[in-house]
6 protein chains.
Amino acid sequence: MRPSGRQPDQLREISITRNFTKHAEGSVLVCFGDTQVLCTASVDESVPRFLKGAGQGWITAEYGMLPRSTTDRMGREAARGKQSGRTQEIQRLIGRSLRAAVDLKALGERTITLDCDVIQADGGTRTASITGACVALVDAIEHTRAAGLLEQSPLLGMVASVSVGIYQGTPVLDLDYAEDSNAETDMNVVMNENQGFIEVQGTAEGDTYSREELNAMLDLADQGIQQICQIQKQALGG
Amino acid sequence: MRPSGRQPDQLREISITRNFTKHAEGSVLVCFGDTQVLCTASVDESVPRFLKGAGQGWITAEYGMLPRSTTDRMGREAARGKQSGRTQEIQRLIGRSLRAAVDLKALGERTITLDCDVIQADGGTRTASITGACVALVDAIEHTRAAGLLEQSPLLGMVASVSVGIYQGTPVLDLDYAEDSNAETDMNVVMNENQGFIEVQGTAEGDTYSREELNAMLDLADQGIQQICQIQKQALGG
Amino acid sequence: MRPSGRQPDQLREISITRNFTKHAEGSVLVCFGDTQVLCTASVDESVPRFLKGAGQGWITAEYGMLPRSTTDRMGREAARGKQSGRTQEIQRLIGRSLRAAVDLKALGERTITLDCDVIQADGGTRTASITGACVALVDAIEHTRAAGLLEQSPLLGMVASVSVGIYQGTPVLDLDYAEDSNAETDMNVVMNENQGFIEVQGTAEGDTYSREELNAMLDLADQGIQQICQIQKQALGG
Amino acid sequence: MRPSGRQPDQLREISITRNFTKHAEGSVLVCFGDTQVLCTASVDESVPRFLKGAGQGWITAEYGMLPRSTTDRMGREAARGKQSGRTQEIQRLIGRSLRAAVDLKALGERTITLDCDVIQADGGTRTASITGACVALVDAIEHTRAAGLLEQSPLLGMVASVSVGIYQGTPVLDLDYAEDSNAETDMNVVMNENQGFIEVQGTAEGDTYSREELNAMLDLADQGIQQICQIQKQALGG
Amino acid sequence: MRPSGRQPDQLREISITRNFTKHAEGSVLVCFGDTQVLCTASVDESVPRFLKGAGQGWITAEYGMLPRSTTDRMGREAARGKQSGRTQEIQRLIGRSLRAAVDLKALGERTITLDCDVIQADGGTRTASITGACVALVDAIEHTRAAGLLEQSPLLGMVASVSVGIYQGTPVLDLDYAEDSNAETDMNVVMNENQGFIEVQGTAEGDTYSREELNAMLDLADQGIQQICQIQKQALGG
Amino acid sequence: MRPSGRQPDQLREISITRNFTKHAEGSVLVCFGDTQVLCTASVDESVPRFLKGAGQGWITAEYGMLPRSTTDRMGREAARGKQSGRTQEIQRLIGRSLRAAVDLKALGERTITLDCDVIQADGGTRTASITGACVALVDAIEHTRAAGLLEQSPLLGMVASVSVGIYQGTPVLDLDYAEDSNAETDMNVVMNENQGFIEVQGTAEGDTYSREELNAMLDLADQGIQQICQIQKQALGG
């Protein structure tokens with residue numbers, strides 16, 4: 001029995017609110033249950049130095065948690081003067097995942113920065129971030145196209161993410177904090193809307209996991225992500 | 001004529017939403033027009049090293065802006081590895097202001113940290129932060145009292161803040177960004193509910209200001225802050 | 001009774017020594033009683049990046065305390081690897097105050113950096129810094145003019161600063177350390193020689209202060225600053 | 001055809017040299033073809049603060065590349081003043097993987113630090129690091145036992161790692177740099193000697209990958225890691 | 001011919017002013033010609049962690065240059081967030097040199113920190129620093145003895161320093177900046193009053209130097225340092 | 001009697017292995033007894049900013065110790081976020097020493113970076129680094145010449161280094177760790193193959209040293225360095 005009473009293959013309630021703040025070209029509040037992340041997409045008409053003259057654009061991401069998004073207050077990274085290894089790992093994952101959603105050549109020489117800031121954390125902040133950032137990215141691309149800067153959309157399709165794991169011996173979908181902090185195995189999966197894998201990261205927390213368990217988790221992730229892609233499309237008015 | 005059409009002595013619409021997030025002992029979303037700040041109060045049952053054994057508590061504050069709370073994206077302070085001088089100046093001001101709301105001896109040997117994170121900026125983020133943080137502080141004190149850790153409230157009364165300035169030659173109350181970025185003089189005032197001054201910070205941006213202009217701004221601030229204290233009390237269900 | 005035996009409206013002995021060191025375009029040792037600050041002005045024939053091509057100059061300031069300028073040794077900021085919030089706050093204040101002394105367009109595309117280093121501290125280091133830096137700035141401008149780089153002086157007039165406060169219930173002028181560390185209210189005022197306000201920063205240290213007390217402090221600051229402007233002019237041989 | 005002429009399921013030549021340097025409790029030079037990593041294990045008779053009194057030990061890892069281990073010289077992280085996100089990601093992975101090799105309670109209140117320093121890089125430095133660090137860890141545990149500090153070995157078995165990927169449409173084992181820099185998909189797998197999964201990290205570099213490709217890569221990794229565990233055991237004189 | 005007109009074996013005018021500032025236990029302004037360094041000695045009744053319980057004291061030093069002590073303004077190390085390699089090298093040299101002046105066991109478990117801050121630079125700041133710091137150290141030791149904390153002086157004798165070099169083919173004593181910046185060889189020598197060597201650091205700037213040149217420079221240093229020790233003793237009223 | 005049983009004027013066994021790693025233009029493993037340092041030379045076809053357009057090249061060096069090159073594990077400088085004063089001092093010395101081996105004008109507008117990384121430490125790591133780096137430098141220059149980028153060699157001759165000291169009252173050559181950690185005086189000498197001095201750095205660790213002892217140490221260093229230059233030349237196939 002899951003702490004939340006959900007079925008093993010049941011997602012939390014997922015909501016996606018666009019235009020959550022007014023300045024960004026894309027601004028989305030994404031909620032996976034009590035996990036709330038503000039994802040903004042900012043368009044900059046230049047590229048990082050390593051891409052100057054390469055005839056392509058770039059997608060990058062930054063991630064942060066508000067100090068009291070968590071049960072106990074976390075030290076503010078700006079005050080400590082550096083981002084933790086976990087933060088860097090997550091923002092690298094978000095950037096890599098969203099680059100898979102876009103034809104960078106078709107994007108042209110511009111950069112879209114995805115800022116994912118966790119307002120409230122209850123497990124799965126990185127998967128919610130990727131899911132919300134994809135919608136913010138779509139809005140930012142539309143904004144750029146509406147401004148006459150892009151002729152056609154460089155978007156390759158939706159990208160979404162969900163966590164799966166082994167909780168008390170059972171493979172489960174979309175772990176909340178109560179499950180995540182006790183799971184034997186935790187796996188984050190990123191896929192596109194055509195069932196293509198972008199990233200699989202599975203970690204044994206205590207005991208190791210078998211090939212069968214791995215397969216069962218991938219099955220759950222696959223069907224969960226296809227549902228989430230539908231929610232993204234509905235939010236986009238599709 | 002003010003860009004927003006407001007009268008010179010007219011505040012923006014101010015709203016205060018308590019319990020905005022679930023983990024913090026106090027969690028308030030404060031809006032001064034389009035300026036939105038999330039203020040959380042976290043209680044820690046210890047004091048900083050310099051107060052060990054001094055028989056009193058401490059109130060401190062941290063301030064941050066989400067990268068895309070502003071018109072153009074600002075670099076993330078955690079990524080740059082340090083807080084700007086402006087950030088430090090503001091968080092020192094917030095901490096000092098809220099310490100004036102509390103009898104630190106009566107608070108006992110505990111620390112309350114006020115995190116003020118700007119979700120959306122449109123001028124006056126520091127005055128909104130102080131105003132919202134005071135309400136979060138009240139909630140955190142109540143939470144501590146309800147938990148049986150405090151016998152009586154160390155609260156001395158409400159503290160609130162507002163900006164005033166000279167815009168196109170006229171003293172005005174509660175400047176939004178359109179005014180703030182063009183004002184000749186910008187002053188932030190912090191007072192308590194009994195018209196006592198806690199902090200006055202007035203800066204000539206271009207030309208200097210006269211004693212008469214200073215007096216007119218203080219008059220506006222005084223009546224504005226008394227209105228804001230009423231809004232705080234209503235939010236607290238008073 | 002003030003610890004120093006001064007009258008409430010009496011300044012400490014103020015001395016201004018020009019050409020204190022030989023390399024800088026302006027070099028001033030300013031003493032407010034036992035507070036001694038070395039203020040140098042350095043002229044650089046370029047502007048910061050954010051002003052490139054803007055057709056104007058810039059004035060900026062940096063502030064530091066020698067480790068043993070204080071009663072107890074302070075950690076060296078260079079060794080700790082960052083400037084404290086207090087240091088940043090003060091150097092931003094000095095820069096802002098001195099920019100009010102100069103027509104930045106008339107200065108042309110050059111930068112003057114004011115370094116204020118406290119040799120010995122006894123209260124009021126920031127007000128002494130502003131006062132001394134103004135004289136160093138005048139010398140640096142003259143130096144630039146003498147070198148044929150400036151046709152006419154961009155100087156708008158003298159800028160000076162003093163602290164005022166409430167000490168044992170009485171408003172007093174120019175607090176030394178013995179008073180400053182015990183004052184109920186501490187206010188720093190920056191004005192020009194024509195009684196125009198540039199900056200007012202008043203902080204209640206313990207109890208709040210009333211409008212009447214604020215007015216009394218401003219009266220003291222006004223007359224004190226006019227005296228200090230005379231001392232600046234005498235030092236400049238005027 | 002692979003650039004090295006290897007079969008798709010063929011490992012590079014792997015060598016493990018123990019006691020490579022003289023000071024560390026475990027010191028191993030591991031080579032996967034031209035990739036050379038020095039792995040040392042250092043035993044410290046204390047635990048990090050967060051484990052004080054928890055009655056268990058800790059395994060942690062640090063990773064670095066010598067500046068000219070790579071084709072072009074990389075900036076030295078010590079000189080730049082911070083470790084890159086990639087470095088932190090890798091050292092977190094190494095630490096997590098090796099903790100799965102040990103019963104931390106049975107280790108007792110001591111810490112073993114695994115330093116993996118890349119002498120020469122030709123692809124697969126993180127998988128070589130994990131593989132070599134496991135042997136250094138075994139030696140350090142034996143050293144501790146020989147010193148009479150441990151009664152029985154807390155070792156749970158060998159842990160090893162290899163990379164797999166899709167290169168020119170074909171799943172291949174143990175990619176070298178020529179393959180790695182052109183692979184469509186890159187996956188790092190960590191397993192124990194009993195075919196249990198500890199970590200799976202698969203990233204689509206360009207196109208996404210299918211479930212069939214994922215399965216083919218996992219098959220390759222599984223048999224490769226079992227071979228590597230044999231090499232580890234031979235090196236340990238088993 | 002030397003730029004200053006001095007003889008090859010002639011020191012600059014050296015002055016030592018004690019009690020230059022009022023807070024430190026020892027405070028000395030030392031001038032070697034136009035080079036001016038403020039040296040303070042601060043006594044702390046504790047030792048660094050690595051000496052806890054070792055039954056001895058410690059002498060350490062920090063060095064800094066005011067930004068405009070030099071011909072062109074140098075960036076402030078506190079603002080750049082780190083001390084340069086040159087700064088660290090010099091402060092390590094000063095500390096090492098002064099530790100040779102004291103019996104650390106007889107000093108007892110206390111630390112004396114020597115801060116050497118260059119007010120004006122004209123070559124030889126490190127040798128002036130060592131020379132002035134020794135006098136400040138003597139005053140701090142006397143202060144500690146007068147306070148009843150030390151029964152007998154741990155001082156072993158005076159330590160002083162001077163630079164020598166090869167300038168236009170001739171060995172010269174006590175180089176000023178005009179010589180130093182053009183010398184073929186630059187050597188700093190630290191000795192005690194009994195002609196014992198504490199430190200010799202000689203660097204070929206362009207061409208190498210011969211054993212004969214080395215000997216000639218050491219002869220100059222030896223006689224120069226004995227003169228400087230006399231000046232130190234006179235300043236100490238001996 | 002020396003701990004190693006060597007004669008006072010006897011070097012440790014010195015070996016120099018070229019082409020130790022494959023990517024660098026010069027790559028040398030140098031061993032002075034158990035001290036092992038990997039020295040690589042990297043050629044970059046540009047110069048640092050301060051030499052742009054100066055018509056000359058540059059030689060610079062960086063130094064590091066692997067965390068477990070020492071008896072006890074040292075903290076990793078990359079993890080601590082800064083290089084120690086000792087590290088900076090050593091890498092400045094290496095760079096300065098090797099610049100004396102090359103005609104920088106003849107080198108042309110290119111930079112050679114010498115990375116000296118200590119694999120195993122047993123005293124004398126800086127002198128081994130200089131010695132090995134010189135051979136790597138020669139190889140890198142030959143590589144550049146072979147690539148047709150340099151017409152003639154800018155090499156001025158070999159540069160080598162050795163430590164000398166006073167151990168139990170006797171001057172000895174090439175101290176190992178057992179001697180170094182107990183020596184009364186420690187001196188590092190850098191010379192070229194023509195007996196020209198490049199650097200002499202002698203430090204009294206406990207007692208001071210006399211002119212006679214200084215002379216005896218220089219005699220030892222002179223003959224030791226001439227032997228080491230022969231070993232360098234043999235390694236270079238000369």
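Per chain, numbering begins at 1; letters A, B, ... match sequence-line order.
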Next item on the list: Specify the closest pair of heavy atoms between Arg211(F) and Asn215(E), including all atoms of both residues, with the distance to one decimal.
Entry: NH2-O, 3.2 Å
Check: Considering only heavy atoms, which portion of Arg99(F) lies under 4.5 Å from any heavy atom of chain E: side chain, backbone, both, or neither?
Finding: neither
Note to self: Counting only non-hydrogen atoms closer than 4.5 Å, does Leu93(F) touch chain E with its backbone (N, CA, C, O), its side chain (CB onward), both, or neither?
What the structure shows: neither
Checklist line | Winner by heavy-atom pair count (cut-off under 4.5 Å) against chain E, out of Lys82(F), Gln91(F), Arg86(F), Gln83(F) | finding: Arg86(F)
Check: Do the side chains of Glu89(E) and Arg92(F) get nearer than 4.5 Å, heavy atoms only?
Finding: yes
Next item on the list: Test Asn194(E) against Thr208(F) for side chain to side chain contact (heavy atoms under 4.5 Å, CB included), laying out the working first.
Entry: CA-CA 10 Å; Asn194(E) 301 318; Thr208(F) 60; over 6 Å; no
Notebook entry, point to check: Between Glu205(F), Glu213(F), Gln201(F), which has the largest tally of heavy atom pairs under 4.5 Å with chain E?
Noted result: Gln201(F)
Next item on the list: Among the options Ile198(F), Asn192(F), Thr185(F), pick out the one with the most heavy-atom pairs lying under 4.5 Å from chain E.
Entry: Ile198(F)
Next item on the list: Quick one: closest heavy-atom pair of Ala204(F) and Phe197(E), and the distance?
Entry: CB-O, 3.7 Å
Checklist line | Region of Thr203(F) in contact with chain E, defined by heavy-atom distances below 4.5 Å | finding: both
Note to self: Heavy-atom cut-off 4.5 Å, strictly under: side chain, backbone, both or neither for Asp219(E) against chain F?
What the structure shows: both
Check: If you tally heavy-atom pairs under 4.5 Å against chain F, which of Ser210(E), Gly196(E), Gly202(E) wins?
Finding: Gly202(E)
Checklist line | Over all atoms of both residues, closest heavy-atom pair of Val200(E) and Tyr209(F) | finding: CG2-OH, 3.5 Å
Check: By a 4.5 Å heavy-atom criterion (distance strictly below it), what part of Ser84(E) contacts chain F: side chain, backbone, both, or neither?
Finding: backbone
Item checked: Contacting moiety of Thr87(F), where chain E heavy atoms sit under 4.5 Å -> neither
Notebook entry, point to check: Most heavy-atom pairs under 4.5 angstrom with chain E, which of Ser97(F), Ala100(F), Gly85(F)?
Noted result: Gly85(F)
